[in-house]
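Before any comments, here is the structure.
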2 protein chains.
Amino acid sequence: MSRKVPAGPEPQYLKVKNFLREGISSGRWVAGDLLPSEAELGGQFELSRMTVNRALRELTQEGLVERVQGVGTFVAQLHRISSTLTVRDVHDEIAERGHQHEARVQLLEKTKATAEQAAEFGLRAGAVLFHSVIVHLENGVAIQCEDRLVNPACAPDYLALDFASTTPTNYLLQVAPLSEARYTIESTLPSDAEAKLLGIARRDPCLVVKRTTYSHGQTVTTVRLTHPGSRYLLQGSFQA
Amino acid sequence: MSRKVPAGPEPQYLKVKNFLREGISSGRWVAGDLLPSEAELGGQFELSRMTVNRALRELTQEGLVERVQGVGTFVAQLHRISSTLTVRDVHDEIAERGHQHEARVQLLEKTKATAEQAAEFGLRAGAVLFHSVIVHLENGVAIQCEDRLVNPACAPDYLALDFASTTPTNYLLQVAPLSEARYTIESTLPSDAEAKLLGIARRDPCLVVKRTTYSHGQTVTTVRLTHPGSRYLLQGSFQA
DNA sequence: GAGTGGTCTAGACCACCTT
DNA sequence: AGGTGGTCTAGACCACTCC
């Protein structure tokens, strides 16, 4: 068992992972099948149990297999195609495509929280919130309208910032370490104001991402990101 | 160092993970900061390096920290809020909400591939494809129109199936082990046919998921899932 | 050369499930 | 009792980076 582990280009645990991945995606094992135990795989590959364990643990986390203590490892039901959807800072996203980003600040003001907003921020109705509306352009074309409410307790100098150079997302992540976020994605029509700002018709469908982020258990900000359906889509992929 | 590791309710590596997570979400360490090395953490917690390594490895995979060999472990830039978006079988999704699912088969036919479709399936133009259109209802309300093309080579008996009892997604996952999938999510208007089938107006925005799945390097199926924007949304969350 | 992370081992103890 | 996975150790060698 004392192999001179070359630790070459491909680690041993990856060989095990690939062996199993291959077996699953080729149909050699199908959903529900019992896979070889750690001991068996360790024998076949001449590896210690810890190394095999790592391979199987990672496959579990990737959702490809399911493990039951005392029973064994099974091929997972792949009834869910899950993948990492990344909601990112617009600036980064545009920059990564090699395009030019421009932000136009349409509004930057203090406002008083409605009862609903106050509840979301854990403040009392009428408390002061910061409110900004910014249109983001990619190579001169409006692709996102960002309508945001900010908790002044988390970012007291929000109104004094220059959003032509930093995005609110970027700034807020710096002043308030992100601990949790919730979002929804839906398809709706833009408001009159949004349609005007984005240069689209009132009846053009939009992809709307609503997001609330928390830090230290406090609500930092809520944002509504409206994207013209004709100019924006989310994409992702899944790999077995 | 020979502690009687109680392996109690909380594993040791989780203690390390939680310690670091807490430090990051509380702002004790901010993006870019250098975290204690494996050796340091091992000393503080009286753990072996392997155990600490596991904690840090998992945090890396969760996107919370970044590691550079020979340099150290740093708090990651949380410029991306990523979470697992799960695109699931409609039936499961509805059943999980405790609601009733009904599938109405609107169309089930052979068709000849257009040049574009043929290219997607790796077949020649005019090759036979199976085509189905099914409307899915949740408690009697149409929430999804599923327009699907299927590669006959992967599911020869597709046309003979009873989709009132099994969904195409479910069936196809069984006959063709999923190896890869790609999808996009966008906001558009429904076609005339879709609007009619979903019982909505032609100008009601829809959330459309397009998905192509592969098995053994073959294209198994392409599907367009159209959801009335007023009745469907995707949601997710992110936890630091 | 000293410090870092990346990997691997050959044991170990435990909890759990099946028999 | 015997097999399974879940965790942990105290070493080890390597590749990499920084000084």
Side-chain angles (χ1 to χ4, degrees), chain A residues 1-21 23-24 29 32-77, chain B residues 1-21 23-24 29 32-77:
Chain A
M1 215 64 69
S2 57
R3 289 160 67 77
K4 253 268 111 12
V5 181
E10 192 185 51
Q12 304 294 328
Y13 73 89
L14 274 185
K15 289 191 179 145
V16 179
K17 283 182 75 172
N18 289 334
F19 170 72
L20 295 170
R21 246 202 281 263
I24 292 171
W29 294 296
D33 279 4
L34 178 64
L35 294 171
S37 70
E38 295 187 352
E40 280 180 83
L41 289 167
Q44 283 179 39
F45 285 84
E46 294 193 288
L47 294 172
S48 78
R49 211 194 116 200
M50 269 304 279
T51 303
V52 174
N53 178 268
R54 171 167 177 183
L56 287 167
R57 197 157 20 88
E58 293 189 2
L59 288 175
T60 304
Q61 216 198 355
E62 291 165 25
L64 233 74
V65 308
E66 281 168 8
R67 317 195 72 189
V68 183
Q69 194 174 104
V71 183
T73 304
F74 304 85
V75 178
Q77 308 290 331
Chain B
M1 216 62 72
S2 57
R3 288 161 65 79
K4 253 270 117 2
V5 181
E10 193 185 50
Q12 304 293 329
Y13 73 90
L14 274 185
K15 291 193 178 143
V16 178
K17 283 183 74 172
N18 289 335
F19 170 71
L20 295 170
R21 245 202 281 263
I24 291 171
W29 294 296
D33 279 4
L34 177 63
L35 293 172
S37 70
E38 295 188 352
E40 281 180 83
L41 289 167
Q44 284 179 38
F45 286 84
E46 295 194 285
L47 294 172
S48 78
R49 211 193 117 202
M50 268 303 278
T51 302
V52 175
N53 178 268
R54 173 169 176 182
L56 287 167
R57 194 154 27 82
E58 293 190 2
L59 289 174
T60 305
Q61 215 196 356
E62 291 165 25
L64 233 73
V65 308
E66 281 169 8
R67 317 196 72 188
V68 184
Q69 195 174 104
V71 183
T73 303
F74 303 86
V75 178
Q77 307 290 332

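Each chain gets a letter, A, B and so on, in the order the sequences are listed, and its residues count up from 1. Please read all numbers here as calculations on a predicted model, not as lab measurements.
- Atom-to-atom, CG of B:Leu34 to P of C:dG3 comes out at 14 Å; the value is rounded to the nearest Å.
- When each of A:Arg57, A:Glu58, A:Gln61 is tested with B:Glu58 by the rule side-chain contact (heavy atoms from CB on, under 4.5 Å), just one qualifies, namely A:Arg57.
- Remark: side-chain polar atoms of A:Asn53 are not paired, donor with acceptor, to backbone N or O of A:Arg49 under 3.5 angstrom.
- One can place CZ of A:Phe74 at 9 Å from P of D:dG5, the figure rounded to the nearest angstrom.
- Distances shown here put every side-chain N or O of A:Thr73 at or beyond 4.0 Å from the OP1 or OP2 atom of D:dT4.
- Minimum atom distance to the side chain of A:Arg49 is reached by D:dT7, of the listed D:dC18, D:dT9, D:dT7.
- Side chain of B:Gln69, nearest nucleotide from D:dT17, C:dG6, D:dT9: C:dG6.
- In this structure, CE of A:Met50 is placed 8 Å from C1' of D:dT7, rounded to the nearest angstrom.
- Put simply, NZ on B:Lys17 is 14 Å from C1' on D:dT7, counting in whole angstrom units.
- Nearest-nucleotide positions on DNA chain C for B:Glu40 and A:Val52 put B:Glu40 closer to the 5' end.
- Of the residues near DNA chain C, A:Val68 and B:Gly70, the one whose nearest nucleotide (by heavy atom distance) lies more toward the 5' end is B:Gly70.
- A sub-4.0 Å separation between OP1 or OP2 of C:dT4 and a side-chain N or O of B:Ser37 is present.
- We find that CZ of B:Arg57 is positioned 7 Å from P of C:dT7, with the value rounded to whole Å.
- Expressed to the nearest 0.5 Å, how far OG1 of A:Thr51 lies from NZ of A:Lys15 amounts to 11.5 Å.
- Note on A:Tyr13: a side-chain N or O is less than 4.0 Å away from OP1 or OP2 of C:dT7.
- In the set C:dT7, D:dT7, D:dC8, the nucleotide with an atom closest to the side chain of B:Thr51 is D:dC8.
- For the pair B:Arg54 and D:dT7, the criterion of a side-chain N or O lying under 4.0 Å from OP1 or OP2 is met.
- In this model, the phosphate group of C:dG6 is approached by a side-chain N or O of B:Arg67 to a distance below 4.0 Å at OP1 or OP2.
- Atom CE of A:Met50 is separated from atom CE of B:Met50 by 4.0 Å, given to the nearest 0.5 angstrom.
- The CD-C1' distance, from B:Glu38 to D:dA12, rounds to 14 Å in whole Å.
- In this structure, NZ in B:Lys17 is found 9.5 Å from CG in B:Leu64, a value given to the nearest 0.5 Å.
- The CG atom of A:Leu41 sits 11 Å away from the P atom of D:dT4 (whole-angstrom rounding).
- A:Asn53 has its CG atom 15 Å from the C1' atom of C:dG11, to the nearest Å.
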